[in-house]
Every structure is written in C-alpha cells, then in structure tokens.
Protein chains: 2
Amino acid sequence: MVTGARTVTLREVAASAGVHVATASRALNPEQAHLVSERTRTRVQTAARSLGYRTNALARSLRQGRTGSLGVIVADLANPFIANLLRGVEEEARAHAAMPLIVETREDPAALRRAVQRLLGNRVDAIVLASAHLADADYVADVSAQLPLVLALRGFDVGEDGPEPAAVEMQVMQDDHRGAKVAVEHLLRLGHRRIAQLAGAEQISSFVNRRRGFADAMATAPGARDVSSEERANESSVSEGKRLTWRLLERPEEERPTAIFAHNDLMAIGALDAIRDAGLVCPADVSVVGYNDSPLVDHLSPPLTTVRLPSREMGRSAARLALAAAAGRPIAAPRILLEPTYIERRSTGPAPA
Amino acid sequence: MVTGARTVTLREVAASAGVHVATASRALNPEQAHLVSERTRTRVQTAARSLGYRTNALARSLRQGRTGSLGVIVADLANPFIANLLRGVEEEARAHAAMPLIVETREDPAALRRAVQRLLGNRVDAIVLASAHLADADYVADVSAQLPLVLALRGFDVGEDGPEPAAVEMQVMQDDHRGAKVAVEHLLRLGHRRIAQLAGAEQISSFVNRRRGFADAMATAPGARDVSSEERANESSVSEGKRLTWRLLERPEEERPTAIFAHNDLMAIGALDAIRDAGLVCPADVSVVGYNDSPLVDHLSPPLTTVRLPSREMGRSAARLALAAAAGRPIAAPRILLEPTYIERRSTGPAPA
DNA sequence: TTGAAAGCGGTACCAG
DNA sequence: CTGGTACCGCTTTCAA
C-alpha cells in the first residue's frame with residue numbers, strides 16, 4: 001500500500017452506489033437509516049465499506065454545530081492521581097460517544113487561558129476544568145457564559161460560612177475542609193500536641209480549605225500548638241516537602257512538630273525523606289499524613305497515612321454534568337460534594353513521650 | 001454575560017470592520033497579514049477583538065485539509081512513566097502549534113482499532129502509537145499507509161538478527177534487549193546464580209526483547225541457572241508481580257531465585273511485597289530489579305534498582321518525527337533507538353552465601 | 001423513498 | 001491591496 005492514499009468522501013461512496021449524496025448520508029447515519037429503503041441502505045453501506053469510507057468528523061461537526069468533544073484541563077499529567085480523574089472522564093465520555101481533549105496547564109495561568117482558547121477554537125461541546133486558581137474566577141465565569149463548564153477538584157469557594165454566590169454553576173468538589181479536619185483530629189487523638197502543616201499554594205482552593213480544616217481541628221484541642229511555618233510550598237513536589245520539613249526539624253526540640261500534615265502526598269514523601277535525613281524515625285519521632293492517596297504511597301517506607309480522594313468518581317461526575325449540559329439535558333444537582341476517606345497506615349503513631 | 005452567547009463569525013467581523021470576509025481572513029492570519037494595508041489590518045483586528053472573535057478551527061481545517069492535531073495512543077494513562085512520554089509529545093507539539101489528542105487503549109486490541117478510527121475521523125495530521133501489540137502489525141502497517149504514523153516504545157521487531165523489513169517506517173524505540181542484559185549482568189556480577197525473570201505479556205515487543213536480553217545475559221555465565229517460571233504476567237501490575245513471585249518463593253530453597261528481574265517496576269514492587277510477606281529480606285535474601293525508573297520507585301523500601309527509559313525524550317522524538325512527516329519535511333533518521341541507563345539502588349546486593 | 005440545493009465558517013484562487 | 005467566488009465534506013430542509 002502506498003502512503004498518501006487520498007481519503008474517501010461521501011460523494012465517492014454515493015457515486016459508487018449509484019445514489020445521491022443525501023441518500024448516502026442517510027443510509028450511513030444510524031439515526032436516519034430508517035428513512036432509506038432496505039436495498040439502497042445495504043448497497044450504500046457495502047460501497048462505503050469496500051471503499052474504506054470514514055465520516056469526516058470536521059465536516060459533520062461544522063454542519064451540525066457540535067463536535068462531540070469534551071475539553072479537559074488539568075494541572076499536571078504526571079500526577080498519578082490525575083490519571084484516575086482522566087479515566088473517569090474518559091469512561092463517561094465514551095458512554096456518550098464523546099471524545100475528551102486533554103490539556104495540561106502546570107499551574108500556569110497563561111497556559112490555562114491558552115488552553116481554553118484552544119478548546120473554544122476547537123468548538124468542544126463543554127469543558128471540565130480541574131486546574132483552576134482562585135485568581136481565575138472572573139475569567140472562568142466569563143468562559144462558562146459561553147459554553148457549559150464544570151469545575152472539578154478545585155473551585156472558588158473558600159469562605160467559612162457556607163457557599164458563596166456561584167461564579168460557575170456546575171462543580172464537583174471534594175470536602176477538603178473535612179478531609180483535613182479528620183486527619184488532624186486523628187493526630188490529636190494519638191496525643192500529638194505540636195503539629196505542623198505543609199501548606200500548598202494559596203491560589204488553590206483545595207489547599208486553602210485544607211488549611212482551614214487544619215486550623216479548625218487544632219482549635220478544638222486546647223493544649224495543641226500549631227507549629228507550622230508561615231511559608232507555603234511553591235509547588236506540590238517531593239523536594240518542596242523536603243525543604244519545608246527540613247526547616248521545621250532544624251528548630252530546637254521543643255519547637256519541633258511531632259506530627260506533620262502535608263497538603264498532598266508528594267510533599268508528605270518529601271517529609272519522610274527529611275525526617276530520615278535528620279536521623280529521626282517516622283512515626284516514632286514524627287508522624288506524617290498526606291492527602292490524595294496516590295498510587296504506590298501504600299508501598300513507601302513507612303506506608304503513608306493519607307486522605308483518599310475519590311478521583312475516578314470525580315472525573316465521571318464532572319464529565320456527566322458537562323455532557324448533560326451540552327446536550328441541553330436538565331441538571332438535577334449541579335454542585336456535587338464528594339466525601340474524603342481517611343486511610344490510616346503506618347506513617348502515623350502515638351506522640352513520643 | 002448570559003449563557004448561550006452565539007459564537008462570532010468572520011462575516012460579522014468583516015461587516016463590523018466594513019471589509020470583505022476575504023480581507024478579514026487575511027488580516028487575521030499572521031501568514032497573510034502582510035497582504036493587507038496597515039490601516040485595514042488594525043481595523044479588522046480591533047473589530048475581531050471587540051467582538052470576541054475566535055477562528056473556528058473546524059472550518060479552517062476542513063478547508064485546509066489539515067488540522068494541526070496529533071493523535072497519541074497510549075496503553076495506560078495511569079502509568080506515571082507514560083505521563084512523561086506525553087509531556088514530551090506535548091512540548092514538541094506545542095512548539096509546532098499542534099494539539100495532541102490522547103487516547104488510551106488499556107491493552108485492548110479492539111480499543112486500539114477504535115482509537116485509530118476515531119483519530120482518522122478527526123483527521124489528525126499524524127499518529128504516535130505507543131501501545132502496539134505484535135499482533136497489530138498488519139493493521140498498523142495499513143494505517144501507516146494512510147497517514148504518517150510513528151511507533152513509540154513498542155514496535156514489531158523482535159528478531160535476533162538485526163532489524164527486519166520495516167512494516168512501519170518511523171519509530172522511536174528503546175534498547176530493551178540491552179537494558180535487560182545490563183541489568184542481569186549486574187546481578188551475575190553480584191554473584192547471583194539462580195535468577196528468575198517476571199515476564200510481561202508475549203504480545204508486547206518490549207517484553208519480548210527484555211526476555212531476549214535476559215536469556216543472552218544468562219548464557220554468558222556458565223554457572224548461572226534460569227529458574228524463571230514459564231508463566232507470563234497477565235498485566236503489568238503490582239498484584240501480578242506479587243502473585244508470580246509468590247510462586248517462585250514457594251519452591252524448595254535450592255530452587256528459589258536469589259535475584260529477580262522484573263520486566264517493569266510495578267511487577268518489581270509486587271515482588272518486594274511477596275518477599276516481605278514470605279518473611280524474607282530484600283536484598284539480603286533476594287535482590288530485585290525493575291524497569292522504567294518510574295517516579296517514586298526511589299522512595300520504596302528498599303529503593304528500587306531499575307533501568308531508566310528516557311520517556312520524555314521518546315515522546316519528543318516521536319512527536320517530532322510525526323509532525324515533520326505530516327508537514328512533508330524530509331526525515332533524516334526515521335528509526336531512533338534510545339539507550340537505557342542502569343540505575344543501581346538498594347534493592348540489589350550480593351548473592352547470599 | 002430519493003433528489004436538489006443551501007449552507008456550516010472559513011480559505012484561497014483569480015480578477016480588478 | 002481588495003473583492004468575488006468556489007469549495008472543503010457533510011447534513012438537512014424542501015420538493016418531487
């Protein structure tokens with residue numbers, strides 16, 4: 001076979017079957033095939049098959065005004081936990097014969113805007129946005145006026161007293177406040193009284209809410225001291241977690257935390273590194289909790305205690321909302337809040353005496 | 001702003017600027033903008049901006065016969081090592097103003113065919129295929145006759161005597177044979193004499209070639225015994241690695257391996273689990289080597305010795321080839337073979353006495 | 001049941 | 001430098 005085999009058009013199929021293109025179009029479209037006589041239908045379909053015809057999705061979409069594609073914007077493809085979210089999106093999309101177009105932003109606001117423009121240019125039917133920064137609120141509200149947009153994972157609500165007026169109508173979030181609170185309460189129950197958090201970027205709602213959860217849990221325990229540093233992680237990475245933890249461990253012993261709540265698993269892993277490097281032992285000297293329950297964190301040494309986030313389900317729900325809205329179907333519950341699960345493993349233990 | 005804001009067309013921009021659509025088209029296209037007078041150009045551009053115009057990529061692609069999109073087919077999105085490959089693809093695509101369309105197959109041949117059909121329907125300019133099975137060779141050859149296709153990661157050459165006649169002209173592979181050979185030679189040098197491999201699926205060239213590398217290395221050491229079981233892993237997962245290793249450790253001691261070469265990191269992790277469950281210690285009792293150098297395997301207990309595969313570079317090269325071919329640019333080297341690097345960590349040690 | 005023709009939103013060729 | 005126009009490939013009224 002030779003490269004450059006020109007692509008077969010509907011015209012050619014029609015000609016080969018001896019019918020008009022309109023008829024060929026009907027015969028090949030399951031929705032309309034019943035409008036065509038049995039005989040012509042099979043004739044057209046046979047011709048199509050033998051010529052290797054494949055509908056030009058661009059032409060069809062251009063004509064129909066919808067593409068059957070779903071834009072998905074994530075911050076970090078290399079985050080295994082994001083992969084699960086993408087899986088959920090993909091499953092749901094497939095069930096609706098839609099195709100996800102995936103774009104990565106790496107926490108760059110400019111990249112987010114480029115991604116959106118690009119997806120709009122490609123006329124996606126809807127967008128799932130899983131990499132929003134708080135400062136993107138106005139921009140995203142604008143976009144969601146132009147097509148159905150679902151926020152996933154990160155949103156714009158960080159208030160303490162209930163949901164604010166929604167800039168974006170549809171979202172699938174996880175209860176970060178609660179997840180953090182549960183985690184810290186567990187540490188308190190283990191007897192820890194000097195606890196620090198490794199906080200993620202201020203621009204990201206998940207981290208703001210986890211911060212609040214941390215603070216609220218600490219407030220319930222009179223004897224407990226928050227010994228966090230004020231510094232935030234510049235990025236969610238092992239090395240940042242290590243750096244921040246190192247700072248905490250340099251302090252005189254009575255100022256050192258006996259437990260660390262990291263805003264995500266990667267930073268928690270960095271914490272484990274720092275603890276080991278400092279000649280200390282986790283959890284005997286310092287306990288560590290992460291967030292996300294990323295793949296493989298159960299195989300670390302020690303296996304990481306963390307908060308599980310239902311990422312697959314989140315992807316599914318977000319895609320479901322997006323596609324329903326795109327199809328003009330009514331949305332029963334446009335704002336979904338999923339519950340986190342605390343997963344206790346061996347990186348947490350009783351406070352040292 | 002109200003939802004449903006109808007999308008602005010070039011016609012409206014032209015009208016608003018008081019010019020013909022053709023002129024507006026030129027003014028807005030960087031390649032042709034120089035054909036338009038300074039004045040009209042700015043007038044059109046202003047109009048476009050103020051109306052919020054955005055080129056309809058579908059219409060443009062339909063007319064131009066190319067879409068500026070690159071199909072990427074991978075087996076497993078949740079594999080962190082694949083994320084790096086995707087990053088490489090994305091970087092290169094962005095540099096060429098192209099957009100990757102990512103599809104996952106999960107090792108399902110039917111899914112591969114669906115993915116290809118879908119991408120062809122979307123008229124991608126080229127395809128990077130990173131999830132080929134050996135049995136897909138004919139199908140893939142057919143496809144690559146229709147548009148530029150680059151094999152990445154997995155190919156169809158598993159022969160022992162040099163490259164076979166190429167079914168697909170372009171590919172970016174990694175020297176699996178060499179990677180495996182180096183790993184096993186290291187084990188032999190450590191004094192191991194009973195060595196087993198945990199073999200991946202027969203349908204995947206990488207595994208076939210790693211198998212060959214294993215065999216060739218063993219053949220160089222007269223006293224060494226291959227104590228592998230004949231069974232292959234059904235999938236590349238921790239649980240499969242664990243199951244297969246468990247089988248090996250059930251044997252009487254003199255039939256048990258003192259070192260295990262796993263065809264990938266996930267199976268190696270399963271091996272570590274099984275060893276621990278059996279009450280043995282890695283590497284004192286059994287050494288373990290993986291493949292891929294996936295993120296975080298340096299944080300396992302013990303940190304995993306493995307073979308690093310330059311996945312980012314692989315993605316870049318594959319995308320570069322694909323886009324060059326799509327653009328009709330000459331391809332200097334259509335078949336690239338990247339070198340693996342052996343990464344020694346602490347899951348390997350001297351053979352027990 | 002089938003054919004004719006318009007048009008989705010651009011681009012590119014040809015005239016002027 | 002700008003306008004006119006055909007057309008990319010398909011879907012969808014409207015008529016016959």
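As a basis for the values below, the full set of heavy atoms in this structure was taken, side chains included, without hydrogen atoms, waters or symmetry mates. Every chain is numbered from 1, with letters handed out A, B, ... down the list of sequences.
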Exercise. Can you tell which of dG10(C), dA5(C), dT1(C) lies closest to the side chain of Ser37(A)?
Worked result: dT1(C)
Exercise. What's the CD-P distance between Gln64(B) and dG9(D), to the nearest Å?
Worked result: 13 Å
Problem set entry | His20(B) NE2 to dC1(D) P, straight-line distance once rounded to whole Å | 18 Å
Problem set entry | Length of the CG-C1' vector between Leu58(A) and dG9(C), whole Å | 12 Å
For this session: Look only at the side chain of Glu92(B) and the backbone of Arg320(B), and say whether a donor-acceptor pair between them is shorter than 3.5 Å.
Result: no
Exercise. Ser25(A) near the nucleic acid: base, sugar-phosphate alone, or nothing, with a heavy-atom cut-off under 4.0 Å?
Worked result: base
For this session: Find the distance Arg66(A):CZ to dC10(D):P and express it as a whole number of Å.
Result: 16 Å
For this session: Just report the end-to-end axis angle for the helix from dT1(C)-dA16(D) to dG16(C)-dC1(D), five pairs per end, to 10 degrees.
Result: 40°
For this session: Measure the distance from CD on Gln32(B) to C1' on dT11(C) and round it to the nearest whole Å.
Result: 8 Å
For this session: Verify side chain to side chain donor-acceptor pair (under 3.5 Å) between Glu313(A) and Ser317(A), making sure each step is shown before the conclusion.
Result: CA-CA 6 Å; Glu313(A) 173 57 24; Ser317(A) 300; 3.0 Å; yes
For this session: For Tyr53(A) and dG9(D), give me the distance from atom OH to atom P, rounded to whole Å.
Result: 10 Å
For this session: Have a look at Ser61(B) and say if it touches a base, only the backbone sugar-phosphate, or nothing, with a 4.0 Å heavy-atom cut-off.
Result: nothing
Exercise. Could a donor-acceptor pair under 3.5 angstrom be found where the side chain of Arg26(A) meets the base of dG3(C)?
Worked result: yes
Problem set entry | Gap between atoms CG and C1', on Asn56(B) and dC8(C) respectively (whole Å) | 8 Å
Exercise. So does Arg118(B) have more than 12 non-hydrogen atoms from other groups sitting under 6.0 Å from CZ?
Worked result: yes
For this session: Using atom CG of Leu62(A) as one end and atom C1' of dC10(D) as the other, report the distance to the nearest whole Å.
Result: 8 Å
